[in-house]
Protein chains: 2
Amino acid sequence: MTEAVPARPRRSDATRAAILRAARARFAADGYDRATIRAIAADARIDPSMVMRYYGSKEGLFAAAAEFDLRLPDLTQVPPDRLGEALVRHFLNRWEGDETLAALLRAASANPGAAERIRHIFTDQLSTAVATFGTDPATTGRRAGLVASQILGLALTRYIVRLPPVVAMPPAEVVAWVGPTIQRYLTGRPEGEGPC
Amino acid sequence: MTEAVPARPRRSDATRAAILRAARARFAADGYDRATIRAIAADARIDPSMVMRYYGSKEGLFAAAAEFDLRLPDLTQVPPDRLGEALVRHFLNRWEGDETLAALLRAASANPGAAERIRHIFTDQLSTAVATFGTDPATTGRRAGLVASQILGLALTRYIVRLPPVVAMPPAEVVAWVGPTIQRYLTGRPEGEGPC
DNA sequence: ACCGTATGCCAACGCGTGTTGACATCGCAA
DNA sequence: TTGCGATGTCAACACGCGTTGGCATACGGT
């Protein structure tokens, strides 16, 4: 609600986009602290001062570069017993082509804002999705948290730490192994909770 | 094989220990880049140059501070259907009292050596433990990797990102939810693999 | 053709960093 | 007591960082 201008193309849009692209790559590869404005500017083939002009500060640049939407699909169309499988497949696809989440994850260790961002993404976006499954609303938060722990753990070991067995696993096998885990977190119940 | 001296106490052992304690705390709280030698030295109430004298460099200090042993218990004593539960419980206990793993995890984003260290820990120590279960040796690496993905994901969401629902979950409930996941990664089979 | 503005480059500032070497002090052995 | 290495302090260096302001140039409306 701050700007009502619908689409005013600026001559510098190409530069802005180049900066953002370089920033995402550097933040994803090096983390927040190691990714320097000078390096990002060099990648984008412009002067470091341009970054300041267009994004105000390094924090501002990161905030712009780390805009991220899980783009969760409409899960009501999916058979209820295939939810975990569908979610894992979706996340794998979502990450392979967009390094924003990797940048966010790397930065979360150094930049408090990045951790907050992740918290929001996986609290708001995931929780609302989980809430549609009709399980006890009191458990929604926990279920979303558990799903996040496995999904982020997968991203961590696959893209940041790069554990060889996890990196080598083909997507189909990841789905076959991790899918049931997510499925149980979404619709199952913990161990030792008595008979059904 | 480099030093045959068994136990030669030095007068500076207290200082060395203070440095190491402060370093672990700072690395865990701030990550590798943000944790400055000056701050660590101030915490330990000594001069920054002492850190250099005793540990050579910031890298050397981190290497010393990030020495970490999973201390996996003897899992052959545990009933085979309680393995997941036992492992999750062990990791929770291991972490609550020792911030080394948190430091390692935070640093993994910025320090390539830290990621390598984690890779070693979870490849060597975990794999050898998994290998004792008699499952097909060809799947040992993958099973260890999957276990690592869930365990590290739990640590990430609980101690680094601090997702509220995961932080709030009492240990017993974490065990009840995550235990079966680890159990399946250890001894189960992926989905859609045909009849038993 | 003109002028205001957007776009871009350059040089520099202040700061905090890891690291170094010179100097003081302590404690133990001879 | 005398010496000597271990321990600790202090000031400084060189470097890279985020950030700033001034200046050249190109564009687009009039």
Side-chain angles (χ1 to χ4, degrees), chain A residues 3 5 7-27 29-66 103 106-107 109-114, chain B residues 3 5 7-27 29-66 103 106-107 109-114:
Chain A
E3 289 283 334
V5 181
R8 174 122 92 83
R10 283 162 301 193
R11 194 152 44 90
S12 61
D13 280 345
T15 302
R16 294 178 129 89
I19 294 176
L20 229 48
R21 202 176 328 123
R24 269 191 267 260
R26 281 284 179 180
F27 282 135
D30 302 338
Y32 182 82
D33 285 323
R34 307 276 252 244
T36 68
I37 288 200
R38 284 167 152 94
I40 293 170
D43 287 356
R45 302 183 184 284
I46 46 97
D47 191 88
S49 63
M50 305 300 303
V51 177
M52 306 304 297
R53 201 200 295 267
Y54 290 142
Y55 295 98
S57 69
K58 189 181 182 182
E59 275 290 341
L61 172 62
F62 179 78
R106 265 230 159 77
S109 303
N111 187 302
Chain B
E3 288 283 335
V5 181
R8 175 123 93 83
R10 282 161 303 193
R11 195 150 44 93
S12 62
D13 281 346
T15 303
R16 294 178 129 90
I19 294 176
L20 229 48
R21 202 175 329 124
R24 269 192 267 261
R26 281 285 178 182
F27 282 135
D30 302 338
Y32 183 82
D33 285 324
R34 307 277 251 243
T36 69
I37 288 200
R38 283 167 155 91
I40 293 170
D43 288 356
R45 303 185 183 284
I46 45 97
D47 191 87
S49 63
M50 302 302 302
V51 178
M52 305 305 296
R53 201 199 296 267
Y54 290 142
Y55 295 98
S57 68
K58 190 180 183 182
E59 275 289 343
L61 173 62
F62 179 78
R106 265 230 159 78
S109 303
N111 187 302

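Throughout, a chain's letter reflects where its sequence line sits, starting with A, and its residues are numbered from 1.
Residues of residues 15-23 of chain A having a heavy atom closer than 4.0 Å to DNA chain C, listed by number: A/Thr15.
In this structure, B/Met52 atom CE and C/dA22 atom C1' are separated by 17 Å, rounded to whole Å. Look at CD1 on A/Ile40: it is 11 Å from P on D/dC17, rounded to the nearest Å. Between the OH atom of A/Tyr55 and the P atom of D/dT19 there is a distance of 15 Å, rounded to whole Å. The CZ-P distance, from A/Arg53 to D/dG22, rounds to 12 Å in whole Å. Remark: P of C/dG18 and CZ of B/Arg34 are 13 Å apart, rounded to the nearest angstrom. Atom P of nucleotide D/dA6 and atom CG of B/Asp13 are separated by 14 Å, given to the nearest angstrom. Atom CG in B/Asp47 sits about 12 Å away from atom C1' in D/dT7, given to the nearest Å. Between A/Ile37 atom CD1 and D/dT20 atom P there is a gap of 10 Å when expressed in whole angstrom units.
A 4.5 Å side-chain heavy-atom check between A/Ile37 and A/Met52 finds at least one atom pair inside the cut-off.
A/Tyr54 has no side-chain polar atom (N or O) that falls below the 4.0 Å cut-off from OP1 or OP2 of C/dA6.
Between the side chain of B/Lys58 and the backbone N or O of B/Ala35 there is at least one donor-acceptor pair closer than 3.5 Å. A/Tyr55 places a side-chain N or O within donor-acceptor distance of the main-chain N or O of A/Arg16, the cut-off being under 3.5 Å. The backbone N or O of B/Ile40 lies less than 3.5 Å from no partner atom in the side chain of B/Arg26, so there is not a single donor-acceptor pair.
With rounding to the nearest 0.5 angstrom, the CZ atom of B/Arg34 is 4.5 Å from the CG atom of A/Asp33. Rounding to the nearest 0.5 angstrom, the gap separating the OG atom in A/Ser49 from the OH atom in A/Tyr54 is 9.5 Å.
Annotation: of the two residues near DNA chain D, B/Ser49 and A/Thr36, the 5′-most nearest-nucleotide partner is B/Ser49.
At a cut-off of 3.5 angstrom, counting only N and O atoms as typed in the model, there is a donor on one side and an acceptor on the other between the side-chain of B/Arg38 and the base of C/dG18.
Between C/dT19, C/dC9, C/dG21, one nucleotide has an atom nearer to the side chain of B/Lys58 than all others, and that is C/dT19. When distances run from any side-chain atom of B/Ser57 to the nucleotides C/dT19, D/dG8, C/dC9, the shortest one goes to C/dT19. With distances taken from any side-chain atom of B/Met50 to the nucleotides D/dG8, C/dG18, D/dC17, the minimum falls on D/dG8.
In this structure, B/Phe62 and B/Tyr32 have perpendicular ring planes: the angle between them is above 60°, well past the 30° mark.
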